[in-house]
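Remarks on the structure that follows.
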2 protein chains.
Amino acid sequence: MNISQAAKASGLSPKTIRYYERIELIGPASRGENGYRDYNTKDLDVLRFVQRARATGFSVEECRQLLSLYQNPERHSSEVKSLVQGKLKRVEAQIVELNHMRDTLQDLVQRCPGNEVAQCAIIDNLADQETC
Amino acid sequence: MNISQAAKASGLSPKTIRYYERIELIGPASRGENGYRDYNTKDLDVLRFVQRARATGFSVEECRQLLSLYQNPERHSSEVKSLVQGKLKRVEAQIVELNHMRDTLQDLVQRCPGNEVAQCAIIDNLADQETC
DNA sequence: GATAGACCTTACACCTACTGGAAGGTCAAC
DNA sequence: GTTGACCTTCCAGTAGGTGTAAGGTCTATC
C-alpha cells in the first residue's frame, strides 16, 4: 500500500505522513524497489492512532508520548490517564479564556450602533479602557 | 520615551513593538540622534490600542483593520461592528470545538482505571474507534 | 579616563503543525 | 511513446512572536 492509499485509509494527507516521518513521530516507512514508501496494516494502525489523537486535540509532542505508551505493553494506565488529565486541564483553561473573549466581543457588538456614524463604542473601548 | 518605557506603558514587550513595526502594523518610530526609537503619547495610544485589540482576541491582520478604522475619522461604526461580529462568530465556533474536545477528554478520563494495569480505555479508543 | 552594567540597534534562527511548490523519477493506460 | 497521475526530495512560507548573538550607547562609579 503506497502513501496516498495509506493517507486515505488513515485520514491524513500524504504530506502530513511524510512530515510525521521526518520529525520521527512515526518510524521510517519501508520502501519498495522503486523507492516508494510501502505501508502494511500495522503501519496503518499507527497512522490512524495518530490521526485520532490529533483530532482529539493532542499536540504532536503529546501524540509522541501517547504513541510510546500505545506501543509499550508494560505501560500503566495511570500514566495514560495523567497525560489526558493534563490535556483536559489545558483545554478547560482555554475554554475559560475564550468564553471571556466572547463576552467581551458580545458586549462590544451590543454597544456599537452599527450605522453611518463614526463614533463607536468598540473603537472607544480599544482606544481607552477607562471610557469603558 | 524610549522603547522599554513604551513597552511598560503599553503592556507589550520591546521585541513585540519592533516586530509590529517590522511587519508595518504600526508606522516606523521616530529616532533620536543616537538611532534609538523615540515614542510620544500619540504613539503610545496606538501601542495601547493594538495591545488591547490583541488581548481581546483579534489577529494581527484584524488589528491592522481596526487600527485603520481607529485612525480614520470618516469611518462608519457599521464597518467596525461587522468586523467584530465576524470575530465573535469565529470565537464562538472555536468554543464549540473546544467544548467537544473537553467532553471527549472527560469521557476518556472517566473510562480509564488509572492504575498499574496496562489495559486502558484511552489507548483502546485511540487505537480503534469501533471499541469505543 | 576606564570600566561595568543596562540599555539600544540589527539580523538570523527557532517555535507549531503543517502546506505549497519546484524539479525530477516512475507507473499504468491508451 | 506520450499523457497523466503517482512518487521522491528539498526549500520556503504560514502566525505571532521569542531567543540569541554581535555590536553600539548611555550612565554611574572609581
Side-chain angles (χ1 to χ4, degrees), chain A residues 1-40 43 46-47 49-67 86-87 90-91 94 97-98 101, chain B residues 1-40 43 46-47 49-67 86-87 90-91 94 97-98 101:
Chain A
M1 180 184 259
N2 61 24
I3 199 167
S4 65
Q5 294 172 294
K8 255 176 208 139
S10 65
L12 297 167
S13 74
K15 278 258 176 200
T16 300
I17 296 175
R18 288 191 202 101
Y19 170 70
Y20 286 166
E21 182 179 323
R22 193 157 59 77
I23 64 170
E24 294 180 307
L25 172 61
I26 59 181
S30 63
R31 303 284 182 136
E33 288 186 358
N34 51 15
Y36 286 17
R37 286 177 182 79
D38 188 41
Y39 297 90
N40 61 29
D43 297 331
V46 170
L47 293 175
F49 184 92
V50 173
Q51 190 277 325
R52 282 182 193 131
R54 290 285 300 127
T56 307
F58 294 98
S59 70
V60 167
E61 283 318 301
E62 287 161 341
C63 286
R64 212 185 282 279
Q65 295 174 56
L66 282 170
L67 207 48
K87 182 68 194 178
R90 287 192 293 283
V91 167
Q94 221 183 324
E97 216 174 306
L98 276 177
M101 209 182 272
Chain B
M1 180 184 259
N2 61 24
I3 198 166
S4 66
Q5 294 172 295
K8 255 177 209 139
S10 65
L12 297 166
S13 74
K15 278 256 173 203
T16 300
I17 295 175
R18 288 191 201 102
Y19 171 70
Y20 286 167
E21 183 179 323
R22 192 159 58 78
I23 64 171
E24 296 180 303
L25 172 61
I26 59 180
S30 63
R31 303 285 181 134
E33 287 186 0
N34 52 15
Y36 286 16
R37 287 176 182 80
D38 188 39
Y39 297 90
N40 60 29
D43 298 330
V46 170
L47 292 175
F49 183 93
V50 173
Q51 190 277 327
R52 283 184 192 129
R54 290 285 299 129
T56 308
F58 294 99
S59 71
V60 167
E61 284 318 302
E62 287 161 342
C63 287
R64 212 184 283 278
Q65 295 174 56
L66 283 170
L67 207 47
K87 183 67 195 177
R90 288 193 292 284
V91 167
Q94 221 182 326
E97 215 174 307
L98 277 178
M101 209 181 272

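Labels below follow one simple rule: chain letters A, B, ... track the order of the sequence lines, proteins then strands, and each chain is numbered from 1.
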Kindly give the atom pairs (protein nitrogen or oxygen, nucleotide nitrogen or oxygen) under 3.5 Å for nucleotides 6-8 of chain C.
{"residue": "C:dC8", "atom": "OP1", "partner": "B:N2", "partner atom": "OD1", "Å": "3.2"}
{"residue": "C:dC8", "atom": "OP1", "partner": "B:S4", "partner atom": "N", "Å": "2.8"}
{"residue": "C:dC8", "atom": "OP1", "partner": "B:S4", "partner atom": "OG", "Å": "2.9"}

Can you list, pair by pair, the side-chain donor-acceptor contacts under 3.5 Å of residues 25-35 of chain A, counting residues two or more places apart and other chains?
{"residue": "A:S30", "atom": "OG", "partner": "A:D38", "partner atom": "O", "Å": "3.2"}
{"residue": "A:R31", "atom": "NH1", "partner": "A:G35", "partner atom": "O", "Å": "2.9"}
{"residue": "A:N34", "atom": "OD1", "partner": "A:Y36", "partner atom": "N", "Å": "3.0"}

Quick check: are there more than 12 heavy atoms from other residues, nucleotides or ligands sitting under 6.0 Å from CD of A:E97?
-> no
All N/O donor-acceptor pairs, side-chain side in residues 6-19 of chain B, below 3.5 Å, sequence neighbours left out:
{"residue": "B:S10", "atom": "OG", "partner": "B:A6", "partner atom": "O", "Å": "2.9"}
{"residue": "B:S10", "atom": "OG", "partner": "B:A7", "partner atom": "O", "Å": "3.2"}
{"residue": "B:S10", "atom": "OG", "partner": "B:L12", "partner atom": "N", "Å": "3.3"}
{"residue": "B:S13", "atom": "OG", "partner": "B:T16", "partner atom": "N", "Å": "3.0"}
{"residue": "B:S13", "atom": "OG", "partner": "B:T16", "partner atom": "OG1", "Å": "2.8"}

Carboxylate-amine/guanidinium proximity below 4.0 Å for B:R54 and B:E62 = no
Is any side-chain heavy atom of A:Y39 closer than 4.5 Å to a side-chain heavy atom of A:I3?
-> yes
Any sub-3.5 Å donor-acceptor pair from B:K87's side-chain atoms to B:G57's backbone N or O?
-> yes
With a 4.0 Å cut-off, would you call A:R37 and A:E21 a salt bridge?
-> yes
Rounded to the nearest 0.5 Å, what's the gap from OG1 on B:T56 to CD on B:Q51? Could you check?
-> 8.0 Å
Quick one: how far along DNA chain D does chain B reach, first to last nucleotide 5' to 3', anything under 4.0 Å to a heavy atom?
-> D:dG16 to D:dC26
Would you check if A:L67 and A:R64 make a side-chain contact, meaning some heavy-atom pair closer than 4.5 Å?
-> no
Give a yes or no answer on whether the side chain of A:R52 reaches the backbone of A:L47 with a donor-acceptor pair at less than 3.5 Å.
-> no
Terminal axis angle for the helix from C:dG1-D:dC30 to C:dC30-D:dG1, five pairs an end, nearest 10 degrees | 30°
What N/O pairs connect the protein and nucleotides 16-18 of chain C at under 3.5 Å? Give each pair on its own line.
{"residue": "C:dA17", "atom": "OP2", "partner": "A:V60", "partner atom": "N", "Å": "3.3"}
{"residue": "C:dA17", "atom": "O3'", "partner": "A:R54", "partner atom": "NH2", "Å": "3.4"}
{"residue": "C:dA17", "atom": "N7", "partner": "A:Y19", "partner atom": "OH", "Å": "3.3"}
{"residue": "C:dC18", "atom": "OP2", "partner": "A:Y20", "partner atom": "OH", "Å": "2.7"}
{"residue": "C:dC18", "atom": "OP2", "partner": "A:R54", "partner atom": "NE", "Å": "2.5"}
{"residue": "C:dC18", "atom": "OP2", "partner": "A:R54", "partner atom": "NH2", "Å": "3.1"}

